[in-house]
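Whatever order the structure lists ligands and atoms in, that order sets their numbers, starting from 1. Positions are given from 1 along the sequence. Note: hydrogens, waters and symmetry copies are ignored here, and every other heavy atom, side chains too, is used.
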Amino acid sequence: LEPVPAPAAGADFVVVANRLPVDRDTSGDEPTWRTSPGGLVTGVAPVMRSREGAWIGWAGIADEEFEPFDLDSMHLVPVRLSSEEVVRYYEGFSNATLWPLFHDVIVPPEFHRTWWEAYQRVNERFARTAAQTAAAGATVWVHDYQLLLVPEMLRALRPDVSIGFFNHIPFPPWEIFSQLPWRREILAGALGADLIGFQRPADAANFRRAARIDRGWSTAGMDIRVPADPERGTAAHVSRAAAFPISIDAEELDAYSHDPQIIERAAQIRRDLGDPAVVILGVDRMDYTKGIRHRLKAYGELLDSGALSTDDVTLVQIATPSRERLDQYQQIRTEVELAVGRINGEHSGLGKQAVHYFHHSFPRAEMTAFYLAADVMLVTALRDGMNLVAKEYVACRTGDDGALVLSEFAGAADQLTQALMVNPHDIAGLKRAIRRAVEMPKAAQHRRMQAMRRRLAKENVQAWSQAFLDELEELDEDKGGQATP
Ligand code: ADQ
């Protein structure tokens, strides 16, 4: 790739992510855009608004070209994807190769050369769009596993910009990552960034180790020395790989949780559930990484043995539809629904349902009401970069009560250390933790919840993005003084 000039009127701060934070609404006479929820959106939107930058991403509709537009004080630049690219780049390489590979191969990743070709092509389109959007010397923040090649491509196109990359999902140990036929290109791609952020220190360490083993590149502390690559058109530089655990907009959730209408809605939810003594809640995208089956197995066995009874407890499982065209996702949905059906068939009575299951998404206000209504929250991911649901639950517990059961394989376990930690593969341990949570005395709930809430009030999403962008800026200022490898 050859360097290109900076645009005359470019943006000073550019976010590059697979999806724009909007959905097309075609229900009315005139199609409109409305902002859409989701982990990444929750994380970056507040920063975008405060810095008035540009956001580059796919608008979510294949084969359609949209002009850049402004919404909620954000400048949005749509990138076109053909339906074939959606299949190969997005559903294929991103979600059926990298996603399972980076999540401990819970299901087998598929390696297809046609998917890889599409991934490269689409990454280059994103990189070129970023090169045409960023002002001279701008900061460009690239997000997630769909765009791992963009940092290196953008560096070749625009050596003047400062490039950050954030990996929202785990980064696997070398022994797993090395299965990827294109591991070299993926590593070199991400290493085009000046700063590479991960959720946990262990993810960053896995990444640095991969760079050492595969590329033979030397590391010092968090830094990796990347030599020049004349073929790809990049100069020697130092790239830093470190942990920046993402968080939630604690203040916004706190405001929602104090809203009298939402408080009343939470009370209504409990009444509608039949006023059980204990409401247990699970909230996830319908994904095989989230451990929904393990959770249901443990809960079902507790009902089987009589340790829990539908006289006192009910489980509300909310599972957002996700990646529904992929086989593995159809399969997990079938398995979850079979398990829910079995448990309800065996244990529900009239007005006493064992599991209330929802396969759709809810507005944020309604989600908050569910968090407020739940005495126990179950987060049992088999592997999860962070898991914002765990943090959202804590942020909504304005009464300092409630019990969180949390998988040690979710990044959130590093911050929410007062949760009841579980290994979700250990069904006996999971059952013990659920019982403990259900029976936890109020004083213990308060002690644990207060400590977690105090931490989240400080370590919110604004602090996360600020920490990442501050460090990126520092690295940019230091650039002149850096010894080249
Ligand atoms: P996800 O895998 O999507 O995110 P998570 O972090 O839990 O997982 O974020 C899900 C978001 O969607 C939460 O904000 C939640 O409230 C919302 N949500 C879930 N179900 C919903 C429903 N039915 N209705 C409405 N909203 C719903 C990826 C990584 C994570 C990482 C995030 C952010 O897999 O590990 O924490 O990115 O980096």
Check your understanding: Counting each atom of ligand 1 from 1 as listed, which ones have a heavy atom of Ile318 under 4.0 Å away?
Key -> 23 (N)
Exercise for review: Tell me yes or no: between the side chains of Thr314 and His356, is some donor less than 3.5 Å from an acceptor?
Suggested key: yes
Check your understanding: For ligand 1, which atoms, with element, lie under 4.0 Å from some heavy atom of Arg364?
Key -> 14 (O), 16 (O)
Point to revise | Any residue meeting side chain to side chain contact (heavy atoms under 4.5 Å, CB included) with Gln331, in chain and number order, not counting sequence neighbours | key: Gln328, Glu335
Exercise for review: Step through the shown structure and confirm whether more than 12 heavy atoms of other residues, nucleotides or ligands are within 6.0 Å of CG on Asp272.
Suggested key: yes
Check your understanding: What residues form a side chain to side chain donor-acceptor pair (under 3.5 Å) with Tyr357, not counting sequence neighbours?
Key -> Glu337
Exercise for review: Answer side chain, backbone, both or neither: which part of Val389 comes under 4.0 Å from ligand 1, heavy atoms only.
Suggested key: both
Check your understanding: How does Val283 reach ligand 1, by side chain, by backbone, by both or by neither, if only non-hydrogen atoms under 4.0 Å count?
Key -> side chain
Point to revise | Gly385: numbered ligand 1 atoms lying under 4.0 Å from its heavy atoms | key: 35 (O)
Review point. Would Trp99 count as a contact of ligand 1 if the rule is a heavy atom under 4.0 Å away?
Key: yes
Point to revise | Phe244-Phe198 aromatic ring centre distance below 6.0 Å | key: no
Exercise for review: Mark up the atoms of ligand 1 that fall under 4.0 Å of a heavy atom belonging to Arg285, in ascending order.
Suggested key: 1 (P), 2 (O), 3 (O)
Review point. Parallel under 30°, tilted from 30 to 60°, perpendicular over 60°: which one fits the rings of Phe177 and Trp174?
Key: tilted
**Study point:** Part of Met386 within contact of ligand 1 (heavy atoms, under 4.0 Å)
**Key:** both
Review point. Counting both backbone and side chain atoms, is some N or O of Met367 under 3.5 Å from an N or O of ligand 1?
Key: no
Practice item. Could you tell me how the ring of His143 sits relative to the ring of Trp141: parallel (under 30°), tilted (30 to 60°) or perpendicular (over 60°)? Key: tilted
Exercise for review: Check whether any heavy atom of Tyr371 sits under 4.0 Å from an atom of ligand 1.
Suggested key: yes
Exercise for review: Please name the residue in the list Met452, Gln450, Arg454 that meets the side chain to side chain contact (heavy atoms under 4.5 Å, CB included) test with Asp400.
Suggested key: Gln450
Point to revise | Shortest reach to atom 8 (O) of ligand 1 by a heavy atom, considering only Gln199, His168, Lys290 | key: Lys290
